[in-house]
Structure formats: structure tokens, C-alpha cells
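To keep things clear, I will list the structure first and then write my remarks on it.
Hydrogens, waters and symmetry mates play no part in the numbers below; they use all other heavy atoms, side chains included.
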Amino acid sequence: MVHTSGKELDFIKEAFADNWVVPLGPDVDAFERDLETFVNQRVDSSPLHKKVAAVNSGTSAVHLALIACGVKPGDEVLVQSFTFCASSHPVTYLGATPVFVDSERDSWNMDPELLEEAIKDRILKTGRKPKAIIPVALYGMPYRIDRILEVANRYDISVIEDAAEGLGSRYRGQVLGTFGQFGVLSFNGNKMITTSSGGAVICDNEEAKKNLLYFATQARQSYPYYEHEDIGYNYRLSNICAAIGRGQMTLLDQHIAHHQHVQEMYCELFKNVDGVEMHVNPSSDFDSNFWLCTAFLNPALQIRNQENAYKQVILRNVGGVSGVTRLSGSPVTSCQPNDNVEALRTILEENNVESRPLWKPMHRQPVYRDNPAYVNGVSEGLFKRGICLPSGPWVKDEHVRYVVDIVKSAIS
């Protein structure tokens, strides 16, 4: 849950008073301007001039960016494997094929060297180059966008930055989502700011923005009646949600600073705990918002009762409000976190602390079992060892100490 400023209600009341309870409206326009002001900032450099189109989810933002890149049935798109499914599922909406690329060890994000190997091999095997590349700012950590762009430019392939988890994260002082042809943001309820649900596409200019919004508003032509030459989608952000976003933007810098403070606390409190290591910025080029604070456990670390891990099928929600909607038939899969990670998650849950495993790599998801994948073992190894710890705006210093104390007491 994201902290609110109180201004959200003022904007919502104003929208109701003016009868702007519709998709589109003045709050959508104002929210887009606020986002443009934020993303166009650069440290010690001239400002950018990117445009932002607000839509109803980060997933729809990925979908629209793929359409704008000309992705069609039969095309291939190179997608970071270590991510949430919203990075890859929209590729399949278009009848294209996600081709998965594994991660480098220090950032956990797309490996530029493996990316180039994948491009060469896809050209060799299919006779065509992939249509787009989607690196992901996993848990807010920047990707090596300079090297990814170098590879992409060499083969003239568009880059769609999935910065859904990385709002406010920077690489060499520049906000993520502003390097490639398109950038994607998310304002889901668990992100750095929220509009309850929502997202945005960052693009180069007003013409590109108008094209995105054309497809986001059912591809309607400029006639007094409904005329359609293309298939469009109902993806525009509502004015009420945008009103919430305007209030949230007043807190964005505060939220980023808080997440970074929580990360620093975890690092300090865990520094003398053998077998527990926090994921940190690899160098001064990286400036993560630390949307989620993540740790990984040494496989040899013994956690109390880990011999009982994965003995029962989970019968309740895990991972937020949406949770589990279909019960599984078995408590285990062919690729899952180590027993000590699951044991620690269970102990934290018993003490009213929500934690989660890292994202399961897409190339190990059953739905993508037959997709091409270029792997080096990094993401699967991290998935087996990693855990996400509480880091949101409501997490206070005493909560961080409480979580760390539980982890220490769980080590047997």
C-alpha cells in the first residue's frame, strides 16, 4: 500500500464537481505534464524533451509500445527472462514470440553480451532480426542501458525499456525509461506511486504520443461517427485515477528517498549476518529506487524447520490482493526457491511479515517451455536463493529492525 498526501482527495473532489468522471479529462493531461517534468530531468546535463501518454496499466503500456515498434504475428521480441510476466505476455497478444535473454550477475538485469549472442543466433536461424528488445529494471535496479543500446543500434533494433518497477531510478543521472525508443511505467497499487491501477508510455515526441493514444482509444478516426481503419484498444487512463496520480506525484521524491533509506538500514543490519546478502547498486553509475529490497541466502544457510518446506499446497492468497486464484495440484514445481528461502518466508509470515520469492525466470515458466531462450544460469540461481523484504512507505525503522531480528532468530 502506498502512502497518500491528502491532495489526492482534493483532486478527486474537483473532478467530481466538474463532472470529469470519464476516461480522459483535464487531470489526465495534468498528470502527463507532471510525469514529463519528472522524467525529463537529468543530473548535470541539459533536460530531455520526452512526452508521456498515460494509460490504464503497465501491461497495456508494453502492448502499445510493441504496436508502435511494428511488432506483428511471426515476429520475435527479445525479452529479459528475469521479470514479471507483463513484460512478455503482451508480445504473445500480437502473435509474436518472446525470446528470453538471461541476466548478468551484478545488476540481475539483461546481459548485453548474451543479448548480442541471441540476436546473431536468431538471424542465423530465422533469417530475420528480432523486432524489439525489452530490458527490465528488476526491483528498481537499472539495466546497463548504454551497452544494451550499443548492441541494439548495431542491429537497428528498437528498445522498449520496462521501467515499471524503476520509476525514479537513474543510470548515470538519467531517469530510466528515457533512453530507448519507448519507456514503460506502472502505477499499480504496489509501485512507487499509484493511481490504483495505471501506467504510462514514455516516447520521443508529440507525434509518437498521438500514435500511441490513437491505439489506446479504440483507433477511432476523426469523424462525427465511429470509423476504424485499425484495431484499437480501450487503454486510456480514467480522469479519476489521474487525479489520484497528481496527488501522488507530490510524494514521489519522498517515496524514493524512503525506499533508499530502508535499503541502507537492511544493509547495515545484515552486514555481520553470515549467509544473508543484500542486492546493492553495482557501481556509482547505478541509482536504484530500491522499489523492493532484496536479499539472497547462501544455500548452505540453515533455517529453522526448513525440512518441512513445500510439504503442503498453499490454500490462501500469496503476493498481494490479487493473490492465488487457482489452486495447484502439487506443492512443488521443477524450479522453485531453495528450502531455506521458503522456510524463511513461512517464518516471516507467521510473524505477520509479508515477503516474497524473487521473480521466477520466464524461460522456466510452463507457458513458455517451448520458447527460445539464451541462458547462463544467473536468473535461475538468483530465483532459488533470493527473497524480497518489506520496503514500502509504511515500513518504519522499527519494522526493519523487527524483520531483521526475525531473520536472525530463524537461522539455526
Side-chain angles (χ1 to χ4, degrees), residues 1-10 38 137-141 164-170 185-197 244-281 286-297 303-304 316-323 341 343-359 386-411:
M1 183 180 294
V2 174
H3 182 257
T4 60
S5 66
K7 292 187 178 181
E8 292 90 343
L9 189 57
D10 292 336
F38 182 83
L138 197 74
Y139 305 120
M141 183 61 68
E165 300 171 9
L167 178 58
S169 296
R170 298 172 184 266
L185 302 175
S186 172
F187 313 120
N188 190 26
N190 62 0
K191 295 300 190 294
M192 295 302 292
I193 63 167
T194 184
T195 57
S196 76
S197 66
I244 298 171
R246 292 181 66 189
Q248 285 279 289
M249 284 297 293
T250 67
L251 291 172
L252 178 53
D253 288 335
Q254 179 182 328
H255 284 180
I256 294 169
H258 174 80
H259 281 249
Q260 291 172 336
H261 166 72
V262 170
Q263 166 75 9
E264 290 174 359
M265 281 198 68
Y266 278 126
C267 288
E268 178 63 25
L269 294 172
F270 277 129
K271 70 179 182 181
N272 294 320
V273 179
D274 291 337
V276 181
E277 184 178 352
M278 296 298 297
H279 186 215
V280 299
N281 286 315
F286 295 77
D287 184 13
S288 175
N289 63 11
F290 290 107
W291 170 62
L292 289 185
C293 298
T294 53
F296 44 106
L297 310 185
I303 298 294
R304 191 163 27 90
R316 61 195 176 281
N317 283 357
V318 173
V321 177
S322 58
V341 174
L344 181 58
R345 186 196 67 79
T346 302
I347 290 171
L348 287 166
E349 182 179 67
E350 290 169 352
N351 286 273
N352 297 315
V353 175
E354 182 184 356
S355 64
R356 303 185 192 180
L358 302 185
W359 297 125
I387 191 167
C388 301
L389 300 174
S391 59
W394 294 104
V395 177
K396 299 178 180 179
D397 289 6
E398 56 264 34
H399 297 146
V400 177
R401 296 188 189 95
Y402 177 69
V403 171
V404 173
D405 286 343
I406 292 171
V407 174
K408 288 179 178 179
S409 67
I411 299 173

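Partner of H261 under the side-chain contact (heavy atoms from CB on, under 4.5 Å) criterion, chosen from D397, V400, V395: D397.
What you find for L358 and C388 is that their closest heavy atoms are CD2-SG, 3.8 Å. Nearest heavy atom pair, residue M249 against residue I193, reads SD-CD1, 3.5 Å. Of all heavy-atom pairs spanning Y266 and P390, the tightest one is OH-O, 2.8 Å. The two residues A295 and V276 have their closest heavy-atom pair at CB-CG1, 4.3 Å. Residues N188 and S196 come closest through the heavy atom pair OD1-O, 3.8 Å. For the residue pair R304 and A343, the shortest heavy atom distance occurs at O-CB, 4.0 Å.
A donor-acceptor pair under 3.5 Å is formed between the side chain of N289 and the backbone N or O of W291. At least one donor-acceptor pair closer than 3.5 Å links the side chain of H255 to the backbone N or O of M192. The backbone N or O of G140 sits less than 3.5 Å from a side-chain atom of S288, completing a donor-acceptor pair.
M141 places a side-chain heavy atom less than 4.5 Å from the side chain of F290. Y402 is listed as a side-chain neighbour of V353, based on a closest heavy-atom distance under 4.5 Å. The closest side-chain heavy-atom distance from D287 to Q260 is below 4.5 Å. Residues W359 and E165 form a side-chain contact, since some pair of their non-hydrogen atoms from C-beta on lies under 4.5 Å apart. Taking the side chain as every heavy atom from C-beta outward, L297 and L344 approach each other to under 4.5 Å. Looking at R401 and M265, their side chains come closer than 4.5 Å, going by heavy atoms from C-beta outward.
Rounded to the nearest 0.5 Å, atoms CG (N190) and CG (L292) are 7.5 Å apart. Note that the CG atom of N272 and the NZ atom of K408 stand 8.0 Å from one another [nearest 0.5 Å]. In this structure, CD1 on I406 lies 10.0 Å from CD on E350, to the nearest 0.5 angstrom. Distance check, rounded to the nearest 0.5 Å: CZ of R246 to CD1 of I244 gives 12.5 Å.
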Quick one: do T194 and Q248 satisfy side chain to side chain contact (heavy atoms under 4.5 Å, CB included)? Show the steps, please. CA-CA 7 Å; T194 184; Q248 285 279 289; 3.7 Å; yes
Could you go through the side chain to side chain contact (heavy atoms under 4.5 Å, CB included) check for L348 and I387 one step at a time? CA-CA 11 Å; L348 287 166; I387 191 167; 4.2 Å; yes
For F286 and V280, what are the C-alpha separation, side-chain angles and deciding distance, and is it a side chain to side chain contact (heavy atoms under 4.5 Å, CB included)? CA-CA 9 Å; F286 295 77; V280 299; over 6 Å; no
Might you work through the side chain to side chain contact (heavy atoms under 4.5 Å, CB included) test for L167 and K191, ending with a clear yes or no? CA-CA 8 Å; L167 178 58; K191 295 300 190 294; over 6 Å; no
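In this structure H259 satisfies the ring pair (Phe, Tyr, Trp, His ring centres under 6.0 Å) test with no other residue, sequence neighbours excluded. For F270, there are no ring pair (Phe, Tyr, Trp, His ring centres under 6.0 Å) partners at least two apart in sequence or on another chain.
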